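No experiment lies behind these values; they were computed from the predicted model shown.
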Amino acid sequence: MNFLAHIYLSGDDDELKIGNFIADSVKGKKFSQFPDQIRKGITLHRKIDSYTDSHPIVRESILRLFPKYGHYSSVIVDILYDHFLAAYWNEFSNIPLEEYVADFYKLLEEYYEVLPKRVQDFLPYMFRDNWLVSYATIPGIGRILYQMNHRTKNRSKMNFAVIELEKYYSEFEKEFRAFFEELELFTKNEMRTL
């Protein structure tokens, strides 16, 4: 899952959200330097990723993209699934997406000093382009995929994945919905054991 899903799955705990958000920028055991709840968020992120990577429904989505995008297919699916979460946000939260995201951006500013340098470096772009809200539209996801392709020095060609998103929209949506229901249950159970 990508940023929005990780934040959402953290529930109402601010430090759990921060940990879940920064986890990809915290390597190995470096998470031990963070406060307890942030460490738990990093751990939760890793459990969510492990569960997602091995899930048969997610594998279906990945296999649809694999012939064209190879090992980048799983990254693309994470981003596409965030699109469906954002696009149908009102089914998951009573707080409008724009308000939810604005509150999270304020939270990131409050915890700025705790964030890894890599996260601090991309925050201005995230805020300027409002990444999390832009996920809700196909053009917005197209911009995110374009940026991701740029980061791979154009090797991934994932900027073209909006073609598959539009072509197989109903298939991806069906897979997202089936998987996300299971992921929410998994996450709630894992949060009890943190």
Side-chain angles (χ1 to χ4, degrees), residues 1-25 38 41-42 44-45 48-49 52 58 61 65 72 74-112 114-116 118-152 156 158-170 172-177 179-181 183-184 187:
M1 303 307 293
N2 206 36
F3 289 136
L4 185 61
H6 279 290
I7 298 159
Y8 168 78
L9 290 167
S10 300
D12 296 326
D13 186 307
D14 288 347
E15 291 196 344
L16 207 62
K17 284 181 188 176
I18 292 292
N20 210 336
F21 176 74
I22 67 170
D24 283 334
S25 297
I38 293 178
I42 294 167
L44 181 62
H45 179 109
I48 289 168
D49 279 0
T52 300
V58 177
S61 294
L65 298 172
Y72 294 106
S74 60
V75 175
I76 296 168
V77 168
D78 285 349
I79 294 166
L80 298 187
Y81 280 13
D82 253 19
H83 162 69
F84 291 108
L85 177 58
Y88 299 104
W89 181 259
N90 63 343
E91 296 177 25
F92 298 94
S93 176
N94 294 325
I95 303 168
L97 180 61
E98 292 78 7
E99 184 182 331
Y100 182 88
V101 168
D103 288 346
F104 182 68
Y105 289 164
K106 283 181 202 153
L107 186 67
L108 289 173
E109 289 172 343
E110 286 173 36
Y111 282 86
Y112 185 82
V114 179
L115 304 176
R118 179 177 170 267
V119 175
Q120 290 176 346
D121 289 346
F122 72 65
L123 278 192
Y125 305 102
M126 183 180 207
F127 293 166
R128 183 194 69 203
D129 297 335
N130 204 359
W131 292 355
L132 301 179
V133 171
S134 75
Y135 290 167
T137 67
I138 291 176
I141 281 293
R143 284 190 297 278
I144 297 297
L145 290 166
Y146 176 84
Q147 290 165 357
M148 296 289 289
N149 180 56
H150 183 71
R151 275 189 237 150
T152 67
S156 68
M158 64 174 76
N159 54 308
F160 295 112
V162 287
I163 296 167
E164 282 79 17
L165 174 60
E166 290 177 316
K167 184 175 180 181
Y168 301 108
Y169 198 90
S170 61
F172 282 123
E173 181 183 345
K174 183 179 172 192
E175 289 156 3
F176 161 77
R177 288 181 180 279
F179 167 68
F180 203 70
E181 187 176 326
L183 179 61
E184 284 187 284
T187 304

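Within a 6.0 Å radius of CZ in F127, more than 12 heavy atoms belonging to other residues, nucleotides or ligands are found. Within a 6.0 Å radius of OH in Y146, no more than 12 heavy atoms belonging to other residues, nucleotides or ligands are found. The 12-atom threshold is exceeded at OH of Y105, counting heavy atoms of other residues, nucleotides or ligands nearer than 6.0 Å.
The closest side-chain heavy-atom distance from H6 to D49 is below 4.5 Å. Annotation: side chain of V101 is not in contact with side chain of I7 (no heavy-atom distance under 4.5 Å). Proximity of I38 to I22: side-chain heavy atoms (C-beta onward) are separated by under 4.5 Å at one or more points. When side chains are defined from C-beta on, T187 counts as touching L183, because their heavy atoms get closer than 4.5 Å. H150 places none of its side-chain heavy atoms less than 4.5 Å from the side chain of N159. Between R143 and S134, the closest side-chain pair of non-hydrogen atoms falls below 4.5 Å. Taking 4.5 Å as the limit, some side-chain heavy atom of T52 sits within range of a side-chain heavy atom of I48.
Interatomic distance, OH of Y88 versus CG of L97, reported as 14.0 Å (0.5 Å rounding). Separating the CD atom in E99 from the CG atom in N94 is a distance of 10.5 Å, to the nearest 0.5 Å. With rounding to the nearest 0.5 Å, the separation of CZ in F172 from CD in E164 is 7.0 Å. For the atom pair CD1 (I42) and CD1 (I18), the distance works out to 10.5 Å, reported to the nearest 0.5 Å. For the atom pair CD1 of I144 and NE2 of H83, the computed distance is 12.5 Å after rounding to the nearest 0.5 Å. The structure places CZ of R177 at 10.5 Å from CG of L85, a figure rounded to the nearest 0.5 Å.
D129 contributes no side-chain N or O that, together with a main-chain N or O of W131, makes up a donor-acceptor pair within less than 3.5 Å. Listed for the S93 side chain is no donor-acceptor partner under 3.5 Å among the backbone atoms of W89. Using a distance-only test at 3.5 Å, with no hydrogens or angles considered, no donor-acceptor pair links the side chain of N2 to the main chain of Y81.
Of all heavy-atom pairs spanning A87 and A136, the tightest one is CB-O, 3.7 Å. Nearest approach of G142 to V162, heavy atoms of both residues: CA-CG1, 3.5 Å. In this structure, A5 and D82 approach most closely via the heavy-atom pair N-OD1, 3.0 Å. The two residues L115 and L123 have their closest heavy-atom pair at CD1-CD1, 3.5 Å.
Checked against the 6.0 Å centroid threshold, F180 and F84 do not count as a close aromatic pair. Taking the six-membered ring for Trp, Y8 and Y135 have ring centres at least 6.0 Å apart.
Screening L108, L44, L107 for a side chain to side chain contact (heavy atoms under 4.5 Å, CB included) with K17, the sole residue that qualifies is L107. Put simply, the residue from L65, I76, L145, I138 that forms a side chain to side chain contact (heavy atoms under 4.5 Å, CB included) with L165 is I138.
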Might you work through the side-chain contact (heavy atoms from CB on, under 4.5 Å) test for L9 and E184, ending with a clear yes or no?
CA-CA 7 Å; L9 290 167; E184 284 187 284; 3.9 Å; yes
